[in-house]
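Before any comments, here is the structure.
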Amino acid sequence: MNPILAPCSGENFCLRQEVAMTPHTGQRHGGRLLQRADAASPGSQKPIKAATNLQSRKEARMSQQVQEKYEESHLYKIRHSAAHVMAQAVVELFPEAKYTIGPPVENGFYYDFDLSHHLTPEDLEAIEKRMRQIVQGKHEFKKTVISAEEAKKIFANQPYKLELIEGLEKGGFDEYGNPLDEKPEISIYQHDTFTDLCRGPHVENTKEIKQDAFKLMSVAGAYWRGDEKNKMLQRIYGTAWEKAEDLKQYLWKLEEAKKRDHRRLGKELDLFSVSEDVGPGLILWHPKGAMIRVLVEDFSRNAHLQGGYEWVFSPHIGRAHLWQTSGHLDFYKESMYSPMDIEGEDYYAKPMNCPFHIQIFKHHTRSYRDLPRRYAEYGTVYRYERSGVLHGLTRVRGFTQDDAHIFCRPDQVEAEISRALEFSLYVLRSMGLTDFKAYLSTKPEKSVGDPAKWEKATEALRRAIEAHNLPYELDEGGGAFYGPKIDLKVMDALDREWQLSTIQFDFNLPERFGLEYIGEDGQAHQPYMVHRALLGSMERFFGVLIEHFGGAFPVWMAPVQVVVIPIADRHLEYARAVADNLRAAGLRVEVDERPERMNAKIRDAQNQKVPYMLVLGDHEMNAGQVSVRVRDGSQQNNIPSGEFIARAKDRIARRAAEL
RNA sequence: GCCGACGUAGCUCAAUCGGCAGAGCACCCGCCUUGUAAGCGGGCGGUUACGAGUUCGAUUCUCGUCGUCGGCUCCA
C-alpha cells in the first residue's frame, strides 16, 4: 500500500461533523482508489479546503505528516517537474491559457488551466508530444527567491498567480489555501521558456523526466481552489514514473482494474442492472446477483442470531414527526426525498433505520436487566445523491444497510464494542476478506454528551482495536459530534481500500428520543447507544465482492456452482441424472443442453466463471463417473460423482477460496 | 449540481461530405454428434435515448430533456 494513500483516510471520516447524525456506511467513497487515483491525492482536494476549525486543521496536519515522505521522494520531484513541463507545453500551444496550480498526486500529477478552448484528446496528444521534446532538451530547473513586487511583475498576465501571490503576501495560506505557520518566502522556478510561482522541489533538469515514463491521461473540469462557487477550470491529469517499466506496470494495473470493474462484470455475468426507466442509482438485482446476496444475507443473519442479536423489521416510510425528533429534518433534509402526503400528514422515505429501532426499544419500560438489546435489520434506505456522483453499486440512491443498534448500560460498553468488532471481523473474514485497517476517531471540539462518557467510550473503542491486534490510525478530533467511532477498511485483491464497517457511539439520539432504562437504584438512566454496520450497504458490498474476486466467486458464493456438459445428445439423459444427484446434495447446477460443441460450452462456462464443469461422454456414462474441469483450468478424470460432491461440499462448508 | 465526452439491434462496435442503418456475438431454425476456451448454414432483431428545429432529405447540423462515463463539488 502506498503510504500516500493514507492522507485520504481523513476525508472518509465525517467531513461535516457539525451536521452528522448517525452512521452512514456504505455511501462513502473510498473504493476505486485505483481508478480515481486523484481522489487519494496528497495536496489536492482536501488540503485545498481552508481549515476552518481545529478538526480540519488536524486532518490537514495528519495528511501533511504522511505526505512528507512522498514529498521528499525523487518521484515526487519528477511529477512536480512534469507538471511544469506540461504547463509549458500548454502555454506554448495555447498562449491565452492562464495557468493556476499543478501539484503531484498519487500516481502522477495534474495542472489546472483557465482556457476557453475545450481541450480534446487530440490536444492532449499534441501537448504530450511537445512535452517529450522539452524533456529531451535537458533544461535546468532554476529556483529564485524574489519579492512579492517582483513576482507580481512577472505574473502580471496571470491572474491566478497574482491571487496566490497575494495569499502568500498575507502570509496566511499556501497555494492550496492551507494556513501556514510562518510567512513563506516567494520563489519561482524556471526551466527552458517557462516560469512558475513555486516552492519546489524539482529535479535538476528536464531530462530526469524520462520521455517514455510519463503519459497524459485525461482532461476534466475542476473548480478553482476546489470551491464550487469558483470558476470551473480544465484539469489535465498525467502520470509519471521513474522509468518506462514503472509506467507500463501502472498502466497494466489500470487495465486489470478495468477488467474487474463491477459495472462491467455485473453486465457480463448478468448480476445486476440499473434501468433508465426505474431511475438512476436504483439497483435491480438479477437472479444470479440476488443469489449471491441471499447467500451473504443468510450467512450474516444466522451469524447475528447466534451472536446475540435480535432480528427486527421496520417500514420504509415514517411520519415527519419522527424525523423532526431525530433531527434529520434539521440537519439532513437536503439528502432526504420530498415528503408524500398521506391523509394530510407528511411522510418521508427513510434515510436511516435508527429512529425505528429506537421506537422498538421505547415500546417497553426497560430494566437494567434487559440490557443490552441488540436490534439488527437489513434496512433499505433512500438518500438523495446529486446526479454527478452516482457510480455503479458503490454510490446509489437506494440501498440496504446491514444495520444494528445496540442499547446498553455504561458498564457494558466495553464488552459490547469488543464484541461488535470481533463479530465484524468474523463476518468479513467469512466473506473472503483478510486485510483490515482500523481508524479510531475521537472527540471533536463541538460535541454533545458529557466528556466523561466520551472518554469512556473512546477508551473502550481503543482497547477493542488493540485487543484485536489491528493496525490502526488515530484521527484525533475526527469523531462525529454525537460520538466516537471505529471505521474498518478492507484491502481488496488489488490493494485498494474500501471502507465497510463502522461502529459508532451516539450520545445524541438517546437524548433526543428520551431513551431510558430503570437501574438497580430504581431511577431512570440514559442508555448508551451504538450504531454499527458491518458490510455497510449490500449494494456497495456486492460491488466490492465483485471487484475483489474479479467475478470468480468462491464456491459457496457462486450463483452457479456446477455446469454439466454433455458431449453428445446421447449423454443428455446421464447428464440430467448427474445434475439431479448434485441438486439433491444441495449444489446449484445447470445442464448445458444447447446443441453446441463441447468446446463452446466449456468456453461459455469458463467465461461465466463457474467453479466446476462436469464433462460427460461415453466414458463417464459407462463408468458412472464424471470428469471435472475446474475453473482454474485443471482437470481430473474418472471421478465417482460422490467423490466430486464431497469435494464441493467440503469447499462450501468451509467457505474456502480453493476450488 | 458543475465541466467535458458520449448515447446506433439484448451485448461489443461500424456507417465517407447530410443521401435506402451494417458486422460479430447472443437469440431462433436447420445440419453436424462432438473429449477440455468459439463447428457450419439460414433467419429474427432498429421510431439511431427522447422531444423540437434547420433541410428536398438528419444517425450525421442546432437547441432542449433524460441517461452513461471521466473528473470537480458533495457524501450526514
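Per chain, numbering begins at 1; letters A, B, ... match sequence-line order.
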Report, one pair per line, the protein and nucleotides 37-40 of chain B atoms (nitrogen or oxygen only) whose separation is under 3.5 Å.
{"unit_1": "rA37(B)", "atom_1": "N7", "unit_2": "Arg629(A)", "atom_2": "NH2", "d": "3.1"}
{"unit_1": "rA38(B)", "atom_1": "N7", "unit_2": "Arg603(A)", "atom_2": "NE", "d": "3.0"}
{"unit_1": "rA38(B)", "atom_1": "N7", "unit_2": "Arg603(A)", "atom_2": "NH2", "d": "2.9"}
{"unit_1": "rA38(B)", "atom_1": "N6", "unit_2": "Arg603(A)", "atom_2": "NH2", "d": "2.7"}
{"unit_1": "rA38(B)", "atom_1": "N1", "unit_2": "Arg603(A)", "atom_2": "NH1", "d": "3.3"}
{"unit_1": "rG39(B)", "atom_1": "OP1", "unit_2": "Glu596(A)", "atom_2": "OE1", "d": "3.3"}
{"unit_1": "rG39(B)", "atom_1": "OP2", "unit_2": "Arg597(A)", "atom_2": "NH1", "d": "2.7"}
{"unit_1": "rG39(B)", "atom_1": "O4'", "unit_2": "Arg597(A)", "atom_2": "NH1", "d": "3.2"}

Grab the [atom1]-[atom2] distance between [X] and [N] for me, whole Å please.
X: Leu393(A); N: rC69(B); atom1: CG; atom2: P; answer: 11 Å
X: Leu216(A); N: rG70(B); atom1: CG; atom2: C1'; answer: 15 Å
X: Glu268(A); N: rC25(B); atom1: CD; atom2: P; answer: 17 Å
X: Leu390(A); N: rC66(B); atom1: CG; atom2: P; answer: 14 Å
X: Arg397(A); N: rG67(B); atom1: CZ; atom2: C1'; answer: 11 Å
X: Leu572(A); N: rU34(B); atom1: CG; atom2: P; answer: 14 Å
X: Asp618(A); N: rU36(B); atom1: CG; atom2: P; answer: 14 Å
X: Leu269(A); N: rA26(B); atom1: CG; atom2: C1'; answer: 15 Å

Given that both pair distances must be under 3.5 Å and the pair must be Watson-Crick or G-U, what runs of three or more consecutive pairs involve RNA chain B?
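Consecutive-pair runs (3 or more) involving RNA chain B: B:1-7 with B:66-72, B:10-13 with B:22-25, B:27-31 with B:39-43, B:49-53 with B:61-65.
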Atom [atom1], compared across [N] and [M]: separation rounded to whole Å:
N: rU59(B); M: rA15(B); atom1: P; answer: 16 Å
N: rC61(B); M: rU55(B); atom1: C1'; answer: 10 Å
N: rU62(B); M: rA58(B); atom1: P; answer: 15 Å
N: rA9(B); M: rU47(B); atom1: C1'; answer: 13 Å
N: rG42(B); M: rA5(B); atom1: P; answer: 42 Å
N: rG22(B); M: rG35(B); atom1: P; answer: 39 Å
N: rA52(B); M: rC20(B); atom1: P; answer: 23 Å
N: rG18(B); M: rC25(B); atom1: C1'; answer: 31 Å

Heavy-atom closest contact (Arg631(A) atom, Leu659(A) atom, distance)
NH2-CD2, 3.5 Å
Which atom pair, heavy atoms only, marks the closest approach of Gln499(A) to Thr502(A)?
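The pair with the smallest heavy-atom distance is NE2-CB, 4.4 Å.
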Side chains of His286(A) and Ser273(A): donor-acceptor distance under 3.5 Å anywhere?
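Per modelled atom types, His286(A) and Ser273(A) side chains form a pair under 3.5 Å.
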Please test Phe113(A) against Tyr111(A) for ring-ring contact (aromatic ring centres under 6.0 Å, His included), starting from the C-alpha separation and ending with a verdict.
CA-CA 7 Å; Phe113(A) 302 93; Tyr111(A) 212 114; 5.1 Å; yes
Grab the N/O contacts between the protein and nucleotides 11-13 of chain B below 3.5 Å, and write none if there aren't any.
{"unit_1": "rU12(B)", "atom_1": "OP1", "unit_2": "Lys267(A)", "atom_2": "NZ", "d": "3.2"}

Test side chain to side chain donor-acceptor pair (under 3.5 Å), reference Asp261(A), set Lys259(A), Arg263(A), Arg264(A), output is Arg263(A)
Given [options], the nucleotide with the shortest approach to the side chain of [X]:
X: Val389(A); options: rU73(B), rU34(B), rG35(B); answer: rU73(B)
X: Glu620(A); options: rG35(B), rU36(B), rC72(B); answer: rG35(B)
X: Ala568(A); options: rU36(B), rC72(B), rU34(B); answer: rU34(B)
X: Ser627(A); options: rU33(B), rU36(B), rG35(B); answer: rU36(B)

Could you pull out all residues at least two apart from Arg629(A) that satisfy side chain to side chain donor-acceptor pair (under 3.5 Å)?
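Side chain to side chain donor-acceptor pair (under 3.5 Å) list for Arg629(A), sorted by chain: Gln606(A).
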Which residues pass the side chain to side chain donor-acceptor pair (under 3.5 Å) test with Gln636(A), sequence neighbours left out?
Arg647(A)
Student check: side-chain heavy atoms of Val381(A) and Asn353(A) closer than 4.5 Å:
yes
Please determine if a side-chain N or O atom of [X] lies less than 4.0 Å away from the OP1 or OP2 oxygen of [N].
X: Arg263(A); N: rC69(B); value: yes
X: Arg225(A); N: rU73(B); value: no
X: Tyr110(A); N: rG70(B); value: no
X: His391(A); N: rU68(B); value: no

Do any N or O atoms of the protein come closer than 3.5 Å to N or O atoms of nucleotides 3-9 of chain B, and which pairs are they?
{"unit_1": "rC3(B)", "atom_1": "O2", "unit_2": "Gly221(A)", "atom_2": "N", "d": "3.4"}
{"unit_1": "rG4(B)", "atom_1": "OP1", "unit_2": "His118(A)", "atom_2": "NE2", "d": "2.9"}

